[in-house]
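Each remark here refers to the structure printed beneath this line.
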Amino acid sequence: MPVVIYMRDSNPVREGFSNGMGNVRNRLESMIAESLHSVAGYKDLKAELSIELDIPRISDHGDYASNIALGLTRHLKRNPRQIASEIVANLNDSDSILEKVEIAGPGFINFFIKPAAWYGIIREVLDNAKKYGRLEIQRGPKVQVEFVSANPTGPLHIGHGRGAAIGDVLANILAARGFQVQREYYINDAGNQMDTLGRSLYFRYRQELGEGLEFPDNHYRGEYMLDLAKDFKRSHGDSFRKTPLEEALPVFTDYAAERILDGIKEDLDIFGVHFDNWFSERDLHKIDSIAKTIEYFRERGFIYESEGAVWFKSTAFGDEKDRVVVRANGASTYFAADLAYHRDKFERGFESVVDIWGADHHGYVERMLAGVQAMGRTRDDLRIVLVQLVNLLRGGAPVAMSTRGGEFVTLREVIDEVGKDATRFIFLTRRTDSPLDFDLEVAKARSNDNPVFYVQYAHARLCSVFEVARDRGVEFDPGSVNDEAFRLLNLRQELDLIKQVGEFPEMVCECVRSLEPHYIPYYLHQLVSLFHSYYHDNRILTEDAELTQARLCLAWTIKEVIGNALELLGVTAPQKM
RNA sequence: GCGCCUGUAGCUCAGUUGGAUAGAGCAACGGACUUCUAAUCCGUAGGUCACAGGUUCGAAUCCUGUCAGGCGUACCA
């Protein structure tokens, strides 16, 4: 049974959501779910609906609010306030976490939580620090995340960097929620462009030997090709001076592709992105996979010949037109290779596959989904995340990204100038389908413009508190603190902080459901903002030993959650700043 | 022409699958350091959610149309 990873109630995204019973949200949800069965008419309902708990902006509306009664009105054809009161009347608060429950407005149910109920969250984090927010299960579904997959014809640019950060973090998030994740990079090392690449190097090499050849149009004329030509000359001398292009081409192509790919790997390594598998398109050709895939589809009736070409019937699954897989000249198309590639993915046992593509490939989505469905898979088995383009700016002015001249700012240059952490953080702070302005001056400024430092600073600050505590001889062992002390954490700010910590697992689930990492930076900002404010108004190390222990526990949980969230982002959590 | 994405504060962006009085950062203005890190905190101001209709108890969110920007519309990859 294929696993749909975005379904709200599907496992393992939310299954066993938290390890302990500390999670207030969970207990509330199951309480409501039970109560629903007592609501008149509910059992005969066919519609499925999920229980959504909102955190109201206004504190008068409680700690959590549910609009479940409003959602049921339509189905039950009954007054929402009436439904709400039935739900409330049947709540079984066995753990006694509810201070009071109110029905408000058109039929919202507002839950007010007893302060003591929140303290379980602290215990949970203290016990599971590094695992908090994660789901440890035996054998989660196998998921593949394929990303970057830039052609080995030039160095990575900033747009690839955005895709790299997003793919990497999505893989982290999926892994955190129990999926068995593989990170894969698809190397487009076959086809015309590789010949073009080889020819580009060949001409540069001949020029390097002092020949006055003219460099052909529509070839890779980036500066990196000049360096490659120099290196090639260094290692091969002039031994290819007389070799005709056709004969020499494979050598030049392989040399260029390999060297460029090495560069890509190095850049990704510096960026903190590491792949489990590098899948070469050439291997697809070697095992005749494309022809076999076409035959596979032919047997299923999705292949036909027309106008001398071979077509795939993608319109059978909603694509606007059928697509050519073998051209009239006998060459297979890129799409044919991609069909074979995706068939291979599923044959490798992945239950779900995530592709991260540049948004300029959106026209390609439907045919790929059609391909997947023709394999007998569902549309949901392949999830394509489109990443919008990055506009590179410096001090508000656009940086010329001329592809014509082959001159562009590489990812490597950006990382060198801005730093890995800030670069990743900025990439991850926007929704994937939203275009991103990346201003180099803003990104590298050690200023308030830069949210990454705001977050990292909080972590360093917290570490510093524990440092000072040690220096003052304050003993603290998160594992052996008496929970009785938590009752002293009764300030509004403290309860808000604990509540926010408690939302961490839910937030990660939301990332999985939507395949959007940007919730993490926003969550972090909110958590850290609460902390900075609290830190300003209160002292953690006080004269009162019991209070100090309680606050150190709170500080510890905040520090751990910041650390966990930053780890998901692949951003370092500094001890000092 | 057709298709997809985007349009929310001066700027950059959130808004959890239709919810209560529209959110944050930056910029602007005014305040707070003898303390565990001021890379911090507190406050003020800032809005016709591009526009016009529609759906309903309720719309930034869903539908239709218009406008603006980006991308895509290959027997390229």
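Order of the sequence lines fixes the chain letters, A, B, ..., with proteins taken first and strands second; residue numbering starts at 1 for each chain.
- Counting any heavy atom pair closer than 4.0 Å across all strands shown, A:Ala190 reaches sugar-phosphate atoms only and no base atom.
- Defined by atom type and a distance below 3.5 Å, a donor-acceptor pair is missing between the side-chain atoms of A:Ser314 and A:Arg367.
- Taking atom CH2 on A:Trp311 and atom P on B:A74, their separation rounds to 10 Å, with Å as the unit.
- Taking every side-chain heavy atom of A:Val468 into account, B:C36 is the closest of B:U16, B:C36, B:A24.
- For the P atom pair drawn from B:G18 and B:C62, the interatomic distance equals 8 Å after rounding to whole Å.
- Judged by atom type and distance alone, A:Arg74 does not reach the base of B:G19 through any side-chain donor-acceptor pair under 3.5 Å.
- Nucleic acid contact class of A:Tyr364 (heavy atoms, under 4.0 Å, all strands): base.
- Checking A:Glu506 against A:Tyr519 by side-chain atom types alone, no donor-acceptor pair falls below 3.5 Å.
- Looking at A:Asn110, its side chain comes within 3.5 Å of the base of B:A20 through a donor and an acceptor atom.
- For the residue pair A:Arg551 / A:Tyr534, a side-chain donor-acceptor distance below 3.5 Å is found, with atom types taken as modelled.
- Of the P atoms belonging to B:G47 and B:A22, the separation is 13 Å, rounded to the nearest Å.
- Here the straight-line distance linking atom CG of A:Asp344 with atom CD1 of A:Ile290 works out to 11.0 Å at 0.5 Å rounding.
- Side chain of A:Asp360, nearest nucleotide from B:G19, B:U40, B:C71: B:C71.
- Here, B:G30 and B:A68 have their C1' atoms 39 Å apart, quoted to the whole Å.
- Counting only heavy atoms from C-beta on, A:Leu541 has its side chain closest to B:C36 among B:A20, B:C36, B:C75.
- In this structure, the CZ atom of A:Phe427 is 18 Å from the P atom of B:U12, given to the nearest Å.
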Mind listing the side-chain donor-acceptor pairs of residues 186-197 of chain A below 3.5 Å, one per line with the distance, residues two or more places apart or on another chain?
from: A:Asn188; atom 1: OD1; to: A:Tyr334; atom 2: OH; distance (Å): 3.4
from: A:Asn188; atom 1: ND2; to: A:Glu281; atom 2: OE1; distance (Å): 3.4
from: A:Asp189; atom 1: OD1; to: A:Ser280; atom 2: OG; distance (Å): 3.2
from: A:Asp189; atom 1: OD1; to: A:Glu281; atom 2: N; distance (Å): 3.1
from: A:Asp189; atom 1: OD1; to: A:Arg282; atom 2: N; distance (Å): 2.9
from: A:Asp189; atom 1: OD2; to: A:Ser280; atom 2: OG; distance (Å): 2.6
from: A:Gln193; atom 1: OE1; to: A:Asn151; atom 2: ND2; distance (Å): 2.7
from: A:Gln193; atom 1: NE2; to: A:Asn188; atom 2: O; distance (Å): 3.2
from: A:Thr196; atom 1: OG1; to: A:Asn192; atom 2: O; distance (Å): 3.1

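- Across the strands present, B:C2 finds its partner in B:G72; the criterion is a Watson-Crick or G-U wobble pair with both atom distances under 3.5 angstrom.
- Taking atom CZ of A:Phe425 as the reference point, atom C1' of B:A24 lies 13 Å away to the nearest angstrom.
- Judged by Watson-Crick or G-U wobble contacts below 3.5 Å, the nucleotide B:A20 has no partner.
- Nucleotides B:G31 and B:G70 have their P atoms positioned 45 Å apart, rounded to a whole Å.
- Rounded to an integer number of Å, the gap from A:Asn450 CG to B:A24 P is 20 Å.
- Taking each heavy atom of A:Leu527 and A:Leu497 in turn, the nearest pair found is O-CD2, 3.9 Å.
- Taking the side chain of A:His61 as heavy atoms from C-beta on, and the options B:A77, B:A20, B:A39, the nearest nucleotide is B:A20.
- Remark on RNA chain B: of its neighbouring residues A:Asn67 and A:Val465, the 5'-side contact belongs to A:Asn67, judged by nearest-heavy-atom nucleotide.
- Using a 4.0 Å heavy-atom cutoff across all strands shown, A:Ala65 reaches at least one base atom of the nucleic acid.
- Within 4.0 Å of A:His361, counting heavy atoms only, lies at least one base atom of the nucleic acid.
- Nucleotide B:A52 is matched to B:U64 when pairs are restricted to Watson-Crick or G-U wobble geometry with both distances under 3.5 angstrom.
- Nucleotides B:U64 and B:C71 place their P atoms 25 Å apart, quoted to the nearest Å.
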Margin query: Using a 4.0 Å heavy-atom cut-off to protein, can you give one letter per nucleotide of nucleotides 2-7 of chain B, 5' to 3': B if the base is in contact, S if only the sugar-phosphate is, - if neither?
Written below: -BBSS-

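- Taking for each of A:Phe108 and A:Ala328 the nucleotide of RNA chain B with the nearest heavy atom, the 5'-most of the two is the partner of A:Phe108.
- The side chain of A:Arg472 contributes an N or O atom lying less than 4.0 Å from OP1 or OP2 of B:C36.
- The aromatic ring centres of A:Phe147 and A:Tyr185 sit 6.0 Å or more apart.
- Between B:C5 and B:U44, the distance separating the two C1' atoms is 37 Å to the nearest Å.
- Among the nucleotides B:U37, B:C75, B:C41, the one closest to the side chain of A:Tyr535 is B:U37.
- The side chain of A:Arg327 places no N or O atom within less than 4.0 Å of a non-bridging phosphate oxygen (OP1 or OP2) of B:A74.
- Per the geometry, CG belonging to A:Leu530 stands 12 Å off P belonging to B:A24, to the nearest Å.
- Going from atom OH of A:Tyr523 over to atom P of B:C13 covers 25 Å, rounded to whole Å.
- Picking from B:C41, B:C75, B:U40 the nucleotide with the shortest atom distance to the side chain of A:Asp537 gives B:C41.
- Taking atom C1' on both nucleotides, B:G72 is separated from B:U61 by 26 Å, rounded to a whole Å.
- Candidate nucleotides B:A32, B:U21, B:C76 were compared by shortest atom distance to the side chain of A:His536, and B:A32 ranks first.
- A:Tyr454 does not qualify as a stacking partner of the B:A39 base, lacking a centre-to-centre distance under 5.5 Å together with planes within 30°.
- Judged by the 6.0 Å and 45° rule, A:Lys313 forms no cation-pi pair with A:Phe302.
- A sub-4.0 Å separation between OP1 or OP2 of B:A77 and a side-chain N or O of A:Tyr334 is absent.
- For the 3.5 Å distance criterion, the side chains of A:His342 and A:Asp355 qualify, holding a donor opposite an acceptor.
- Residue A:Glu281 contributes atom CD, which lies 14 Å from atom P of B:C76 at whole-angstrom precision.
- Listed nucleotides B:C36, B:C75, B:C71 differ in distance to A:Val324; the shortest reach to its side chain belongs to B:C75.
- Residue contacts for A:Thr333: at a heavy-atom cut-off of 4.0 Å it reaches the sugar-phosphate backbone alone, with no base atom in range.
- Heavy atoms of A:Arg539 sit under 4.0 angstrom from at least one base atom.
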Checklist line | Derivation of the salt bridge (charged side-chain N to carboxylate O under 4.0 Å, His left out) call for A:Arg78 and A:Glu86 | finding: CA-CA 12 Å; A:Arg78 290 174 50 206; A:Glu86 280 180 40; 2.3 Å; yes

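- Taking a pair to require two hydrogen-bonding distances under 3.5 Å in either a Watson-Crick or a G-U wobble arrangement, B:A45 remains unpaired.
- Look at the C1' atom in both B:U55 and B:C63: the space between them is 7 Å, to the nearest Å.
- The aromatic rings of A:Phe531 and A:Tyr535 are tilted relative to each other, their planes meeting at an angle between 30° and 60°.
- If you check B:A77, B:U37, B:G15 against the side chain of A:Ala460, the one that comes closest is B:U37.
- Distance from the side chain of A:Lys576 is smallest for B:U37 among the nucleotides B:C75, B:U37, B:C41.
- Residue A:His532 contributes atom NE2, which lies 12 Å from atom P of B:G25 at whole-angstrom precision.
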